[in-house]
**Student:** 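Submitted below is the structure of interest, expressed as structure tokens.
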Amino acid sequence: AKSDGRGTYRRFEPAMDAQVQSRRALELDLRKALAGGEFELHYQPLVRSRNGEISGFEALIRWRHPQHGLIAPGSFIPLAEDTGLIVPIGEWVIRQACRTASRWPEHLHVAVNISAVQFRYAGLAEVIVGALAASGLKASRLEIEITESVLVQDKEGTLAILHRLRELGVRIAMDDFGTGYSSLTYLQCFPFDKIKIDRSFVRDVATDAGSLNIVRAITALANGMGMTATAEGVETREQLDRIAAEGCTEMQGYLFSRPLPADEIERRFLTAEGP
Ligand code: C2E
Ligand code: CA
Ligand code: CA
Ligand code: CA
């Protein structure tokens, strides 16, 4: 049957149609979700290794779908990026995160993920300036997290925007460090404030010497370059102990808390009574 090109084509045609149609349906759904206020941000604490204090929270988008319930970003961000919808969705994320963080105590910052696609549209810096002004949040309390993929395309343009944001006082973190390409080159051409060590290295840190060596090397590199290092995806006490011993500044993971809605964050972490 494989040699029968026509037959094969015919058999696959309906399936491909269905795929295109379900993409279109999802795209329409995404537009409706944005207009209808179906997106929400959950927040996950960033914890100082030294004393266990919370330094801030990372904002992570979720889609509260009327039929399907809570949908994780992995299921819709890629299509939002392909269709350009990530631009208005990302603007909403920035504004919402700034608004929420402006209610938190002064010493806490909020970290927002910015997709590479958002960087290729003009006006990201203006959106950030506008969100800071509207919320009254100080620029130094906003951190943006970008991945290496941002720097792959239009490196000059991206660097110009990063420098502009840095001048405003916004902090810049390199996310998922070690999973992309030419990581070291990027660290040299832009002074990030923070490196986030990808969860894939943190996961096996207690059982695999290779992973521990990578965490050790990234932490030393960050500290040596005057950046802080944050370990993502810390789930066990064992991982925490190993990573803290390497001098990693900050940690984040289910061990401390899952990402939670803003009101639950306030109840659990920001009220005087404490947890
Ligand atoms: P990320 O930026 O690397 O975010 C960390 C992801 O790891 C989050 O998944 C978080 O819930 C998860 N995580 C945190 N601690 C642990 C842990 O201890 N164990 C495990 N197994 N997972 C942990 P989430 O929320 O599903 O987000 C996935 C990705 O979607 C993010 O990865 C980020 O790339 C993207 N994303 C999320 N929110 C936004 C957004 O507002 N804008 C953009 N452009 N991308 C976003
Ligand atoms: Ca992130
Ligand atoms: Ca990450
Ligand atoms: Ca990731």
Side-chain angles (χ1 to χ4, degrees), residues 30 33-34 38-47 54 56-64 69-101 109-121 124 127-128 131 142-150 171-180 183 192-206 215 218 222 229-240 243 248 250-262 264-265:
L30 274 176
L34 186 61
E38 290 170 16
F39 292 117
E40 50 188 74
L41 293 181
H42 287 196
Y43 297 86
Q44 187 178 34
L46 295 147
V47 178
I54 293 174
F57 298 89
E58 179 177 359
L60 296 155
I61 195 169
R62 272 94 183 93
W63 177 5
R64 196 166 292 278
L70 207 63
I71 303 179
S75 309
F76 62 90
I77 291 282
L79 184 70
E81 288 175 333
D82 287 352
T83 54
L85 274 171
I86 192 67
V87 174
I89 293 173
E91 283 187 31
W92 176 84
V93 169
I94 293 165
R95 281 197 294 266
Q96 182 68 18
C98 288
R99 199 157 41 218
T100 298
H109 74 273
V110 67
V112 173
N113 293 284
I114 307 279
S115 153
V117 180
Q118 276 179 279
F119 260 91
R120 289 201 286 282
Y121 285 81
L124 176 66
V127 167
I128 290 175
L142 175 65
E143 186 164 271
I144 63 165
E145 298 192 358
I146 62 170
T147 58
E148 290 152 286
S149 59
V150 168
R171 284 188 289 174
I172 299 164
M174 161 130 333
D175 206 353
D176 300 345
F177 187 77
T179 59
S183 319
F192 290 90
D193 297 282
K194 180 184 283 187
I195 294 178
K196 298 192 77 172
I197 306 172
D198 194 67
R199 188 170 81 223
S200 56
F201 304 120
V202 172
R203 190 183 48 221
D204 302 323
V205 87
V215 169
I218 298 177
T230 299
E232 300 185 322
V234 177
E235 294 183 352
T236 68
R237 179 75 216 192
E238 237 181 326
Q239 290 169 339
L240 178 152
I243 288 162
C248 195
E250 200 176 66
M251 298 188 208
Q252 175 180 12
Y254 294 168
L255 179 64
F256 309 101
S257 172
R258 291 187 174 253
L260 297 168
E264 216 169 315
I265 286 290

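Numbering of ligands and ligand atoms starts at 1, following listing order. The basis for the numbers below is simple: all heavy atoms, side chains too, and nothing from hydrogens, waters or symmetry mates.
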**Student:** Within the structure, does Gln252 bring an N/O atom to less than 3.5 angstrom of an N/O atom in ligand 1?
**Tutor:** no
**Student:** For Ile86, is at least one N or O under 3.5 Å away from an N or O on ligand 1?
**Tutor:**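 No.
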**Student:** Ring pair (Phe, Tyr, Trp, His ring centres under 6.0 Å): which pairs involve residues 74-93, sequence neighbours left out?
**Tutor:** Phe39-Phe76, Trp63-Phe76
**Student:** Could you check whether any side-chain N or O of Thr179 sits under 3.5 Å from a backbone N or O of Asp176, counting only pairs where one atom can act as donor and the other as acceptor?
**Tutor:**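 Yes: the side chain of Thr179 pairs with the backbone of Asp176.
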**Student:** For ligand 1 and Asp176, I'd like to know whether there is a polar contact (N/O to N/O, distance under 3.5 Å).
**Tutor:**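 Yes - when backbone and side-chain N and O of Asp176 are compared with those of ligand 1, one distance drops under 3.5 Å.
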**Student:** Just the protein N/O/S atoms under 3.0 Å from the Ca ion (ligand 2), please, no waters.
**Tutor:** Glu58 OE2, Asn113 OD1, Glu145 OE1, Asp175 OD2
**Student:** So, the side chain of Gln239 versus the backbone of Arg203: is there a donor-acceptor pair under 3.5 Å, distance only?
**Tutor:** yes
**Student:** Pick whichever of Ala72, Pro73, Pro259 has a heavy atom sitting closest to atom 35 (C) of ligand 1.
**Tutor:** Pro73
**Student:** Main chain of Ser115, side chain of Gln118: is a donor-acceptor contact present, judged purely on distance under 3.5 Å?
**Tutor:**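 Side chain of Gln118 to backbone of Ser115: a pair is present.
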**Student:** Backbone N or O of Glu145 within a donor-acceptor pair of the Asp175 side chain at under 3.5 Å?
**Tutor:** no
**Student:** Do any nitrogen or oxygen atoms of Glu81 come within less than 3.5 Å of a nitrogen or oxygen of ligand 1?
**Tutor:** no
**Student:** Ligand 1 and Asp175, any nitrogen or oxygen pair closer than 3.5 angstrom?
**Tutor:** yes
**Student:** So do the side chains of Ile94 and Ile128 get within less than 4.5 Å of each other, counting heavy atoms only?
**Tutor:** yes
**Student:** Should you measure from each heavy atom of Val93, which atoms of ligand 1 turn up under 4.0 Å away?
**Tutor:**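 Under 4.0 Å from Val93, ligand 1 has these atoms: 41 (O).
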**Student:** What pairs of residues pass the salt bridge (Lys or Arg N to Asp or Glu O under 4.0 Å) test when at least one of them lies in residues 84-93, not counting sequence neighbours?
**Tutor:** Glu91-Arg95
**Student:** Does Phe256 have any ring pair (Phe, Tyr, Trp, His ring centres under 6.0 Å) partners at least two apart in sequence or in another chain, and if so, which?
**Tutor:**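 Phe256: no ring pair (Phe, Tyr, Trp, His ring centres under 6.0 Å) contacts found.
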**Student:** With heavy-atom distances below 4.0 Å as the criterion, list the atoms of ligand 1 near Glu58.
**Tutor:** 2 (O), 4 (O)
**Student:** Which one holds for His42 and ligand 1: side chain close, backbone close, both close, or neither close, with close meaning a heavy atom under 4.0 Å?
**Tutor:**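 His42 to ligand 1: no contact under 4.0 Å from either part.
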**Student:** May I ask you to identify, for Lys196, whether its side chain, its backbone, both or neither come under 4.0 Å of ligand 1 on a heavy-atom basis?
**Tutor:**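 Contact part for Lys196 vs ligand 1: neither.
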**Student:** Does ligand 1 have an atom that lies less than 4.0 angstrom from a heavy atom of Gly233?
**Tutor:** yes
**Student:** Would you say Met251 and Leu240 make side-chain contact, with heavy atoms under 4.5 Å?
**Tutor:**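 In contact.
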**Student:** Are Arg64 and Glu38 within salt-bridge range, i.e. N to O under 4.0 Å?
**Tutor:** no
**Student:** Kindly identify the option in Arg199, Glu232, Arg62 whose heavy atom sits closest to atom 6 (C) of ligand 1.
**Tutor:** Arg199
**Student:** Hey, which of Gln252, Glu58, Glu232 is the one that makes side chain to side chain donor-acceptor pair (under 3.5 Å) with Gln44?
**Tutor:**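 Testing each of Gln252, Glu58, Glu232 against Gln44, the sole residue satisfying side chain to side chain donor-acceptor pair (under 3.5 Å) is Gln252.
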**Student:** Given side chains that start at C-beta, do those of His109 and Leu46 come closer than 4.5 Å, heavy atoms only?
**Tutor:** yes
